[in-house]
2 protein chains.
Amino acid sequence: MPGKRDKADDDSRHATRRAVPSRFGMDEVLWAAWLYYEEGQKQDKIADQLGISRASVFNLLQKARDEGIVNISIDPSRIARADVALELCELSGLSECYVLPTPQDPATLANEISHLGARVLEARLHADDTIGVAWGRTVLSLSKHLTSMRHPNITVAQITGSAVATFDFSPVLCTTNIADRLSARCVNLHAPGVVSTAQVKDILLNEPEIRNHFTLLQQCTKTIFGVTQLDGETLLEQSGFMSDAALQVYRDLGAVGFAAGYFFDAEGQIVRSEFDERHITMALDDLLNVPERICIGGAPQKVGAIYGMLQARIANVLVTDETTAQSLIDHYKQRT
Amino acid sequence: MPGKRDKADDDSRHATRRAVPSRFGMDEVLWAAWLYYEEGQKQDKIADQLGISRASVFNLLQKARDEGIVNISIDPSRIARADVALELCELSGLSECYVLPTPQDPATLANEISHLGARVLEARLHADDTIGVAWGRTVLSLSKHLTSMRHPNITVAQITGSAVATFDFSPVLCTTNIADRLSARCVNLHAPGVVSTAQVKDILLNEPEIRNHFTLLQQCTKTIFGVTQLDGETLLEQSGFMSDAALQVYRDLGAVGFAAGYFFDAEGQIVRSEFDERHITMALDDLLNVPERICIGGAPQKVGAIYGMLQARIANVLVTDETTAQSLIDHYKQRT
DNA sequence: AGATAGTTATGGCATATGTCAATAACATTA
DNA sequence: TAATGTTATTGACATATGCCATAACTATCT
């Protein structure tokens, strides 16, 4: 019974405290983490050594994991190397492809893909990177799975104007979230995502501040974006980003998907319409010049869109799940 | 009962196997590791998904850990930052210091320090490093704690001639072991560690092959070595590396320790005798020019020797245990 | 001082993990 | 094809871990 703790008890406690009086500055968290993860000691034993209860040791270890003092990570290169990924790379011309085991519960798929996306970004990230960030549920979700890390001189920049519509995965939010986790410089694009006429777009693009932003975007070493299919309900209209009518124009022109600011058809041809003239986003040529163009996304209904995107070369790195990857492989094989 | 497995059973098994038929090339190990470590699923659940027993999942995870597919590591910078380490750095002028919690069982101390040493080396290692390796129990033990890793263009070189005596921690063994684990180029020094006269040493040092080796050593970016005290039995004489008489000469001259090929006294003065003229090892000037000189060692009886070594600036990075670190701090404070 | 609220540490229990000997699956040889 | 050795898989048990309600402690206020 815990209530029994009295002076006698306390004395006996002191006897076991010999090794590590807490006056030592050395972090108990660190201490426990070392003994547990490096030396493989049992929590009981560590509790003895530190003169605390096993439960406390558990708490210390928890803290160590939370604070990133211990890092448990899966070598991402192995995930890329997995057979399905490899086959898809060969068929599609992707330079890299990360494939997640498809979860049993489809509802968690999007979440888990963005989780893997976060790991992939972390693994590929290095000093002096400039990351162009798009917007969308997937990208926002990715930002939440990033563990705080610190590389010198990282820049995170918006590739699309800040949409004004009311939705919780705005370009600004995606960008700031990611920058925050990476302790990076955050460069927002202070312009609307869509304007009313081509003329307004021209005027804006000639504004010095916005011009500078697009110049910065040309320095991008990476971009991150999701991908949407156009059949059925999409968040493009739901979010108020564009009108149903504008979207229908693209559908009528044969577009099947949208990624990183551009529409494309089932064979990877970029589809343009009047809307492009009003959409403030990174120029296509600049986008295609970015060395690492990372697309995060997967779902059965997205397969057609992803295929088109891959053919359009919008992405050269893909993070997806196994079912989607397999469908894509099948898709490619059919065409041969 | 396992014997009961028959066709009926097999069929039911197939039913649960839907998700991951083993025909998929994707590594089950990787798959299990992802589900367990990234998604935090329980082994039971993973077993279901993969259609294998929980015990097998456990085995897969074990394999994943063994093969380094999952990495569990403690941020080494935190260990360096711990208070005792920091204080010792300031007092001694070390550029870095890694301090291990002193284990309860003194018999395991040497082993655990070399374990930490291995982690430290791994953490500091990067592409294009050239590592000068000394010999000794500690260094050999360190080599065994290295986990296989692969950086491009690492070179591992012996800093001392290959001793001919019979002991199991010879320079050659230390070097090859480390090179092997790091998948590095291994450059051995094809000469005895000690020769009979100064003249023989001169002749050897003028041999082109050996000359080249010493030129290579000047390119070292790191050295790794242990440290020995001279009072009591030492492995210097036990190993047949040098005679009792030769060692006594150094003791008489005031030497208290030996590290990285050189003797020094309690205040950090290098102590030389005739033996140095016959000892084939990296030149002292070259040694002191190496940017990272990592000494691995700790024990109550080594404190005096380590103090001398620190004063002699033979090391600028120290890996030790807390008791030793604390004793060193006390030692420094006494002198003020 | 005594009461109060907020924080940290603990005991004990439900669950998850690790171990191992037994057995199945497979490969090899006679 | 049977016998034999080798490796992988498993069920069952012993142990370690994760969790949470509550005790102990601390700081603050009356």
Side-chain angles (χ1 to χ4, degrees), chain A residues 1-17 19-67 69-70 72 74, chain B residues 1-17 19-67 69-70 72 74:
Chain A
M1 195 180 303
K4 272 198 176 172
R5 168 128 307 137
D6 58 5
K7 278 169 200 166
D9 241 55
D10 242 7
D11 285 353
S12 74
R13 171 70 64 74
H14 264 295
T16 66
R17 246 190 207 170
V20 189
S22 54
R23 65 189 125 85
F24 265 133
M26 190 176 201
D27 200 348
E28 279 191 316
V29 178
L30 191 57
W31 196 287
W34 174 271
L35 296 172
Y36 189 75
Y37 286 108
E38 287 290 341
E39 295 191 14
Q41 294 196 20
K42 301 305 171 191
Q43 294 183 359
D44 287 331
K45 205 172 168 190
I46 299 172
D48 282 356
Q49 281 177 66
L50 269 64
I52 55 181
S53 72
R54 198 190 57 72
S56 297
V57 173
F58 172 77
N59 291 331
L60 293 176
L61 293 175
Q62 182 107 325
K63 207 169 171 187
R65 285 183 295 256
D66 290 349
E67 295 181 2
I69 292 169
V70 295
I72 303 183
I74 296 183
Chain B
M1 192 182 305
K4 273 200 175 171
R5 169 128 307 134
D6 57 4
K7 278 168 200 166
D9 241 61
D10 244 6
D11 284 352
S12 76
R13 170 72 64 72
H14 264 294
T16 66
R17 246 190 206 173
V20 190
S22 56
R23 65 190 129 86
F24 265 132
M26 191 175 203
D27 201 349
E28 279 191 317
V29 179
L30 189 58
W31 196 287
W34 174 271
L35 296 172
Y36 189 76
Y37 286 107
E38 287 291 340
E39 294 191 15
Q41 294 196 19
K42 303 305 173 190
Q43 294 183 1
D44 288 332
K45 206 172 165 190
I46 299 172
D48 281 355
Q49 282 177 65
L50 270 64
I52 54 180
S53 73
R54 197 192 57 71
S56 296
V57 173
F58 173 78
N59 290 332
L60 293 177
L61 293 174
Q62 181 104 324
K63 205 168 172 188
R65 286 183 294 256
D66 290 348
E67 296 180 1
I69 292 169
V70 295
I72 303 185
I74 297 183

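Numbered from 1 within each chain, the chains take letters A, B, ... in sequence-line order. Source: prediction; values computed, not measured. We use all heavy atoms of the structure for the numbers below, so side chains are in, but hydrogens, waters and symmetry mates are not.
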>> If you compare every side-chain N and O of B/Q43 against the phosphate oxygens of C/dG18 (OP1, OP2), does one of them come in below 4.0 Å?
In response: yes

> Given atom CD1 of B/I52 and atom P of D/dA8, what is their separation to the nearest angstrom?
Replying inline: 14 Å

>> Looking at A/Y36, I'd like to know whether one of its side-chain N or O atoms comes within less than 4.0 Å of OP1 or OP2 on D/dT17.
In response: yes

> Whole-Å distance between C/dG18 P and B/K63 NZ?
Replying inline: 17 Å

>> So, taking the atom named CZ in B/R65 and the one named CG in B/L60, what distance separates them when rounded to the nearest 0.5 Å?
In response: 10.5 Å

> How many Å lie between CZ on B/R65 and P on C/dG18, as a whole number?
Replying inline: 6 Å

> Which residue, A/Q41 or A/N59, contacts DNA chain D at a nucleotide closer to its 5' end, judged by nearest heavy atom?
Replying inline: A/Q41

> On DNA chain D, nearest-nucleotide positions of B/L60 versus A/Q62: which is more 5'?
Replying inline: B/L60

>> Output the rounded distance in Å from CD1 (B/I46) to C1' (C/dT15).
In response: 15 Å

> Is there side-chain contact between B/E39 and B/W34, with heavy atoms separated by less than 4.5 Å?
Replying inline: yes

>> Among D/dG11, C/dA16, D/dC19, which nucleotide has an atom closest to any side-chain atom of B/S53?
In response: D/dG11

> Is there a side-chain contact between B/D48 and B/D44, using heavy atoms and a 4.5 Å cut-off?
Replying inline: no

>> What is the distance, to the nearest angstrom, from the CG atom on A/L61 to the P atom on D/dG18?
In response: 8 Å

> Taking atom P of D/dT15 as reference, at what distance in whole Å does atom NZ of A/K45 sit?
Replying inline: 16 Å

>> In the structure I gave you, are the side-chain heavy atoms of A/Q43 and A/Y36 within less than 4.5 Å of one another anywhere?
In response: yes

> Rounding to a whole Å, what distance do you find between A/F58:CZ and C/dC13:P?
Replying inline: 18 Å

> So do B/R54 and B/K42 actually touch side chain to side chain, heavy atoms under 4.5 Å?
Replying inline: no

> Roughly, in whole Å, what's the span from CZ in A/R54 to P in C/dC13?
Replying inline: 13 Å

> Any side-chain N or O of A/S56 under 4.0 Å from OP1/OP2 of C/dA9?
Replying inline: no

